[in-house]
Protein chains: 2
Amino acid sequence: MPQLTLMLNPPLREAASVIADAVAKHRLLIVLGRCSVRYTGRGASRLGPGDRLVIVKPDGAVLVHRPRGYSPVNWQPESSSITAEETGEGLLLRSVRGRPREVLEVLFTRLDLVLAVEGLEDTAEFIEYLDESEIRDYLAEHPEEIEEGLHVIRKERPIGEGYADIVARDRAGNYVVIEVKRVTAGKDAVLQLHRYVEALRRENPEAKVRGILVAPSIAKDARTLLNSLGLEYKQIDVQRLYRKIAAAQARTVTQTRSILDFFKKKQEEKPRG
Amino acid sequence: MPQLTLMLNPPLREAASVIADAVAKHRLLIVLGRCSVRYTGRGASRLGPGDRLVIVKPDGAVLVHRPRGYSPVNWQPESSSITAEETGEGLLLRSVRGRPREVLEVLFTRLDLVLAVEGLEDTAEFIEYLDESEIRDYLAEHPEEIEEGLHVIRKERPIGEGYADIVARDRAGNYVVIEVKRVTAGKDAVLQLHRYVEALRRENPEAKVRGILVAPSIAKDARTLLNSLGLEYKQIDVQRLYRKIAAAQARTVTQTRSILDFFKKKQEEKPRG
DNA sequence: ATTTCAATGTCGCCT
DNA sequence: AGGCGACGTTGAAAT
């Protein structure tokens with residue numbers, strides 16, 4: 001059970017030592033109060049006084065959140081070194097990152113709440129489904145989803161400066177470079193594919209090399225660009241593929257972290273779904 | 001002054017109504033406790049039980065933070081609709097986003113702290129310096145930093161599908177497309193420049209079009225690609241440019257949000273720096 | 001609403 | 001440590 005050290009509306013001086021102690025002992029620290037923020041590093045920013053929530057994690061990550069929005073207005077990644085001290089202007093929380101050198105300073109002029117938490121336990125594994133690699137791996141196993149007669153040579157093939165998702169040969173023996181996207185493909189995806197096709201052509205000047213962009217949809221301009229580059233587009237239904245992936249895994253040995261877990265739990269949740 | 005509603009180690013049932021009330025009234029909500037997390041939407045994820053910090057902002061943004069790391073393990077952007085209720089399994093906090101449809105569920109089995117905050121005030125303007133546009137604008141005014149004799153035609157010129165940072169003519173009358181980066185340029189930057197050069201060539205088949213990538217450094221492979229595409233690279237010293245930008249602004253009319261403010265404050269801070 | 005691009009992007013993987 | 005690409009990228013600006 002986590003142990004809490006809590007202060008409500010503490011004087012700055014009193015809070016300073018508690019905060020300094022908390023960060024020194026790598027506790028989770030939560031501070032709510034009125035502050036100004038300064039950041040200098042890769043970029044630079046200033047933020048005048050306002051009520052904000054500041055979080056310092058046991059690993060040294062710092063987050064400054066305004067009352068609105070998903071993203072912190074300022075932050076510092078893990079392993080920043082942190083100090084806290086009372087100055088003439090207020091309570092200064094200072095976080096310094098080494099490489100690249102970046103400094104984040106939060107100057108509190110009023111504290112509403114200071115909370116230090118010790119003994120947090122969180123060892124659970126974070127499990128993600130439905131990412132691009134799952135689609136890519138399935139399509140590599142089942143290239144007929146893209147085109148009949150495709151024979152996969154390899155996945156994640158290093159080509160030139162990057163990696164082609166899948167390289168295959170078609171029925172006629174031509175090389176086929178396949179780029180997979182799980183979201184709408186833009187021209188960046190088209191150019192990525194183009195680059196791999198060109199690189200493979202340079203490697204095999206005698207061979208014909210096709211390029212197929214596989215995605216649930218494609219932006220209009222990206223489609224135009226794709227056509228002009230002589231590339232092809234194959235639409236896929238991501239949801240349908242996920243179901244197939246789950247079904248395929250159901251037929252194989254039980255795996256941990258299987259996409260099956262995802263559908264199983266969905267099932268339990270909504271027996272009528 | 002913000003008003004706090006605080007509960008320590010509250011029973012789930014009791015907390016449920018407080019939490020539901022807080023989110024309904026768009027208060028900042030901070031919850032610390034043991035929970036599991038499920039997300040389904042563009043992707044999908046599962047996270048087993050562990051101690052976490054959950055934040056619900058007045059605008060409906062939701063953040064689930066583990067004890068380590070900068071980024072939330074799960075989240076929901078602003079304007080998600082949120083409900084909280086006690087179920088047989090625990091206290092379920094549910095956030096639903098409309099388009100795209102995404103559902104985030106946090107199931108608490110133990111609560112260490114529940115805090116609702118009303119009346120947060122934060123109207124200060126967030127001021128950023130040293131972003132790309134500042135470099136671009138300065139270079140457009142001082143193209144000699146890139147090459148002697150350059151004459152800028154325009155900035156942010158729409159070309160093909162995007163915008164070239166700067167388009168100029170060199171001493172020989174050739175078109176010069178300039179792409180500016182404030183960080184190490186990768187091949188994406190090279191390809192971006194290449195695309196603009198090609199587009200301008202199509203627009204002006206008779207003209208010679210050069211392409212210059214301006215960046216503090218360039219990745220090795222990106223350099224190779226750049227060379228093979230017949231493009232050029234001009235190194236810049238970003239810190240030196242910033243100083244020049246500040247100096248240039250010092251000579252012009254006072255502006256709000258000037259980079260000068262940034263250096264001024266630095267000066268005050270370190271009179272001997 | 002869609003497209004495009006920057007970002008203190010962050011994060012993970014690989015060399 | 002550097003390069004590379006995915007990300008539930010997010011966010012802003014322009015069309």
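Residue numbers begin at 1 in each chain, while the letters A, B, ... track the order of the sequences.
Residues B:Leu28 and B:Lys57 come closest through the heavy atom pair CD1-CA, 4.1 Å. A pairwise comparison of heavy atoms in B:Ala164 and B:Val177 identifies CB-CG1, 3.9 Å as the closest pair. The nearest pair of heavy atoms linking B:Leu93 to B:Ala84 is CD1-CB, 4.0 Å.
The CH2-C1' distance, from B:Trp75 to D:dC7, rounds to 8 Å in whole Å. Atom-to-atom, CD1 of A:Ile166 to P of D:dG5 comes out at 17 Å; the value is rounded to the nearest Å. Going from atom CD of B:Glu179 over to atom P of C:dT4 covers 15 Å, rounded to whole Å. In this structure, the CD atom of A:Glu132 is 11 Å from the P atom of D:dT9, given to the nearest Å. Note: CD1 (A:Ile127) to P (D:dG8) measures 15 Å, nearest angstrom. Atom C1' of nucleotide D:dA6 and atom CG of B:Asp188 are separated by 13 Å, given to the nearest angstrom. Rounded to whole Å, atom C1' of C:dA6 lies 12 Å from atom CD1 of B:Ile135. We find that CG of B:Asp165 is positioned 10 Å from C1' of C:dA6, with the value rounded to whole Å.
In this structure, OG in B:Ser217 is found 12.5 Å from NZ in B:Lys181, a value given to the nearest 0.5 Å. Considering CG of B:Leu226 and NZ of B:Lys187, their distance stands at 13.5 Å, rounded to 0.5 Å.
Between B:Leu29 and the choices B:Ile82, B:Val54, B:Ile55, B:Val23, the side chain to side chain contact (heavy atoms under 4.5 Å, CB included) rule is met once, by B:Val23.
When the nearest nucleotides of DNA chain C are assigned to A:Gly186 and A:Val73 by heavy-atom distance, the more 5′-ward of the two goes with A:Gly186. Of the two residues near DNA chain C, A:Arg42 and A:Glu78, the one whose nearest nucleotide lies more 5' is A:Arg42. Of the two residues near DNA chain D, A:Ser133 and A:Arg99, the one whose nearest nucleotide lies more 5' is A:Arg99.
Using atom C1' as the reference point in both C:dA6 and C:dT10, the two lie 14 Å apart (nearest Å). Rounded to a whole angstrom, the distance from the P atom of D:dC4 to that of D:dG8 is 22 Å. D:dC7 and D:dG11 have their C1' atoms separated by 14 Å, with the value rounded to a whole Å. Spacing of P atoms, C:dT4 relative to C:dT8, comes out at 22 Å, to the nearest Å.
Within the 4.5 Å cutoff, the side chain of B:Val64 has heavy atoms near those of the B:Val106 side chain.
A:Arg182 comes within 4.0 angstrom of the backbone, heavy atoms only, and of no base. When heavy atoms are screened at a 4.0 angstrom cut-off, A:Pro100 is found touching no nucleic acid atom at all.
A:Lys220 has no side-chain polar atom (N or O) that falls below the 4.0 Å cut-off from OP1 or OP2 of C:dT2. Within the 4.0 Å cut-off from OP1 or OP2 of C:dC5, not a single side-chain nitrogen or oxygen of B:Lys181 is found. One finds a side-chain N or O of A:Tyr196 lying less than 4.0 angstrom from the OP1 or OP2 phosphate oxygen of D:dG5.
Here the side chain of B:Ser71 is nearest to one of C:dT10, C:dT8, D:dG5, namely C:dT10. Counting only heavy atoms from C-beta on, B:Arg195 has its side chain closest to C:dC5 among D:dT9, C:dC5, D:dC7. Checking C:dT8, C:dC5, C:dA7 against every side-chain atom of B:Gln192, the shortest atom distance belongs to C:dC5. The side chain of B:Val183 lies closest to C:dG9, out of C:dG9, D:dG8, D:dC7. Which of D:dT10, D:dA6, C:dT8 sits closest to the side chain of A:Ser45 comes down to C:dT8.
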Practice task
Could you please spell out the steps behind the side-chain hydrogen bond (donor to acceptor under 3.5 Å, both in side chains) verdict for B:Glu134 and B:Tyr129?
Solution key: CA-CA 8 Å; B:Glu134 262 176 333; B:Tyr129 309 96; over 6 Å; no
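Under the rule for a side chain to side chain contact (heavy atoms under 4.5 Å, CB included), the partners of A:Leu107 that lie at least two apart in sequence or sit in another chain are A:Thr87, A:Glu89, A:Leu92.
Taking the six-membered ring for Trp and thresholds of 30 and 60 degrees, B:Trp75 and A:Tyr70 have ring planes inclined between 30 and 60 degrees apart.
On a pure distance criterion of 3.5 Å, a polar donor-acceptor pair joins the side chain of B:Gln76 and the base of D:dG8. Donor-acceptor pairing under 3.5 Å, judged by distance alone, is present between the side chain of B:Asn74 and the base of D:dG8.
The closest donor-acceptor contact from the side chain of B:Gln76 to the backbone of B:Glu102 lies under 3.5 Å.
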Which pairs, protein N/O on one side and nucleotides 12-14 of chain D N/O on the other, fall under 3.5 Å?
none

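In the region residues 50-70 of chain A, proximity to DNA chain C at under 4.0 angstrom, judged on heavy atoms, holds for none of the residues.
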